[in-house]
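The figures here come from the full heavy-atom set of this structure, side chains too, leaving out hydrogens, waters and symmetry mates. Nothing fancy with the numbering, it's 1 onward along the sequence.
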Amino acid sequence: MKYRKLITLLLTFIMALVFLNHVPFNGPIKEKPEFRFGVVADCQYADVQSEGVREYALSDKKLKLCVDHLNVLDLKYVVNLGDLIDRDFNSFDTIQPILNQLEMPVHNVLGNHDYSVANKYKKEVPVRLNLPSRYYDFEVDGWRFVVLDGNDISFHAYPEDSDSYKEATEYYKQKDIESPEWNGAIGKKQMNWLHRVLEKATANKEKVIIFCHFPVYPEDAHNLWNAGKVIQVLENYPCVRAYMSGHNHDGNYGMKNGVHYLTMTGMVDTEENSYSIVNVYKNRLEIQGFGREKDRVLEIK
């Protein structure tokens with residue numbers, strides 16, 4: 001009787017591991033990826049009532065379930081694609097400790113809602129998110145990951161009486177931009193930095209994945225103001241394999257001249273969760289989606 005209970009417990013444990021790793025129990029043994037990383041987008045926590053499909057006050061609970069799951073997996077890191085909060089600087093006090101429970105490195109990307117705070121706190125947002133810089137890069141096993149700041153030129157990242165806000169106003173008018181004001185753009189200094197990073201990655205024969213809160217492709221109302229220029233830069237460097245973003249909570253996908261453009265669904269929408277794991281292989285990226293996020297296979301050369 002005791003042995004039967006032990007066997008039952010063991011089988012239950014094995015089935016739990018199979019479920020958590022998203023692998024068919026009776027399926028063939030899969031090729032092992034080079035490494036894996038987790039992706040979270042648009043948590044947008046706020047202690048407020050829901051609006052439409054956005055369940056702001058449920059995001060802390062959904063993120064906790066996500067973190068508990070990711071912590072049992074062998075991941076190199078987790079990237080938060082921006083909008084950890086929806087509004088109010090004190091929202092970080094609730095949601096960031098949950099994200100910090102991850103047992104692997106966390107790389108944060110700046111979203112527009114991360115700046116939906118009082119003017120006196122706007123400069124503190126990158127520090128609060130533990131960013132080494134508003135844009136930066138890092139390397140994992142021969143892959144270069146580049147984090148862009150789509151709030152470089154924007155109306156939401158700076159106080160209205162600041163020079164940066166005035167520059168954004170001039171930029172928006174001079175460029176005759178039709179994209180909504182709640183998007184943003186990559187500035188000249190950051191664009192030059194991106195060129196240098198991609199040139200170095202090319203010289204080192206590294207494959208590159210770009211992270212930014214704002215999409216650039218396919219054409220959409222959520223895209224960066226200067227999405228076209230960003231795409232031109234990426235297409236000049238064959239080392240770039242993919243561009244991953246958030247911001248558009250419905251998600252999106254397109255491929256253009258060898259680059260995969262993948263927009264992740266927003267965790268804040270609906271009562272269902274949404275996050276993913278990216279399995280990195282030499283010839284493909286396999287996206288394992290959870291909740292509203294879809295499974296995908298992105299072939300790469």
Do [X] and [Y] have side-chain heavy atoms sitting under 4.5 Å apart?
X      : Y      : result
Leu58  : Tyr45  : no
Ile95  : Leu63  : yes
Asn71  : Met104 : yes
Tyr56  : Val48  : yes
Tyr77  : Val106 : no
Val278 : Met244 : yes
Leu81  : Phe211 : yes

Item to complete: Scan Glu34, Glu31, Glu299 and name whichever one has a salt bridge (charged side-chain N to carboxylate O under 4.0 Å, His left out) with Arg284.
Response: Glu31

Item to complete: Please check if atom CD in Glu219 has more than 12 non-hydrogen atoms from other residues, nucleotides or ligands closer than 6.0 Å.
Response: no

Is the shortest side-chain N to carboxylate O distance from [X] to [Y] below 4.0 Å?
X      : Y      : result
Lys62  : Glu55  : no
Lys189 : Asp152 : no
Asp137 : Arg144 : yes
Lys64  : Asp68  : yes

Item to complete: Linking directly or through intermediates, with side-chain heavy atoms under 4.5 Å: list the remaining ILVMFWY members grouped with Val53, chain and number order.
Response: none

Worksheet item: If you group Ile, Leu, Val, Met, Phe, Trp and Tyr whenever their side-chain heavy atoms sit less than 4.5 Å apart, what else falls in with Leu234?
Response: Tyr135, Val146, Leu148, Ile186, Met191, Trp193, Leu194, Val197, Leu198, Val208, Ile210, Phe214, Val216, Tyr217, Leu224, Val230, Ile231, Val233, Tyr237, Val240, Tyr243, Val259, Tyr261

Any luck finding a side-chain donor-acceptor pair between [X] and [Y] under 3.5 Å?
X      : Y      : result
Asn112 : His156 : no
Glu293 : Ser276 : no
His247 : Asp42  : no
Asn279 : Glu286 : no
Arg134 : Gln190 : no

Relative to each other, are the rings of [X] and [Y] parallel, tilted or perpendicular (30° and 60° limits)?
X      : Y      : value
His69  : Tyr275 : perpendicular
Phe155 : Tyr172 : perpendicular
His222 : Trp182 : tilted
Tyr171 : Trp225 : parallel

May I ask you to decide if [Y]'s main-chain N or O and [X]'s side chain share a donor-acceptor pair within less than 3.5 Å?
X      : Y      : value
Glu139 : Gly142 : yes
Asp149 : Asn151 : yes
Asn80  : Val39  : no
Ser154 : Gly150 : no
Asn248 : Asp250 : yes
Ser133 : Tyr136 : no
Arg292 : His249 : yes

Worksheet item: Regarding Arg128 and the six-membered ring of Tyr121, is the cationic atom NZ or CZ under 6.0 Å from the ring centre and inside 45° of its axis?
Response: no

Fill in: Leu70/Val78 under side-chain contact (heavy atoms from CB on, under 4.5 Å): CA gap, chis, key distance, verdict
CA-CA 9 Å; Leu70 298 184; Val78 173; 3.9 Å; yes

For residues [X] and [Y], report the shortest heavy-atom separation together with the two atoms involved.
X      : Y      : result
Ala46  : Arg87  : CB-CG, 4.1 Å
Leu129 : Phe92  : CD2-CE2, 3.8 Å
Leu84  : Cys43  : O-CB, 3.7 Å
Pro180 : Ala221 : CD-O, 3.2 Å
Lys76  : Pro105 : O-CD, 3.3 Å
His213 : Leu110 : CB-O, 3.3 Å

Discussion item. Going by the rule side-chain contact (heavy atoms from CB on, under 4.5 Å), which residues pair with Arg241 if we only count those two or more places apart in sequence or in a different chain?
Written reply: Trp143, Lys207, Ile300

Discussion item. Evaluate Arg296 against Tyr253 for side-chain contact (heavy atoms from CB on, under 4.5 Å), listing each step before the verdict.
Written reply: CA-CA 10 Å; Arg296 298 178 187 269; Tyr253 171 76; 3.4 Å; yes

Discussion item. Test side-chain contact (heavy atoms from CB on, under 4.5 Å) on Phe37 and Phe145; report intermediate values, then the result.
Written reply: CA-CA 11 Å; Phe37 64 91; Phe145 297 91; 3.9 Å; yes

Worksheet item: How long is the gap from OG on Ser116 to CG on Asp86, to the nearest 0.5 Å?
Response: 6.5 Å

Practice prompt. Quick one: do Cys66 and Met267 satisfy side-chain contact (heavy atoms from CB on, under 4.5 Å)? Show the steps, please.
Written response: CA-CA 10 Å; Cys66 167; Met267 179 178 283; 4.1 Å; yes

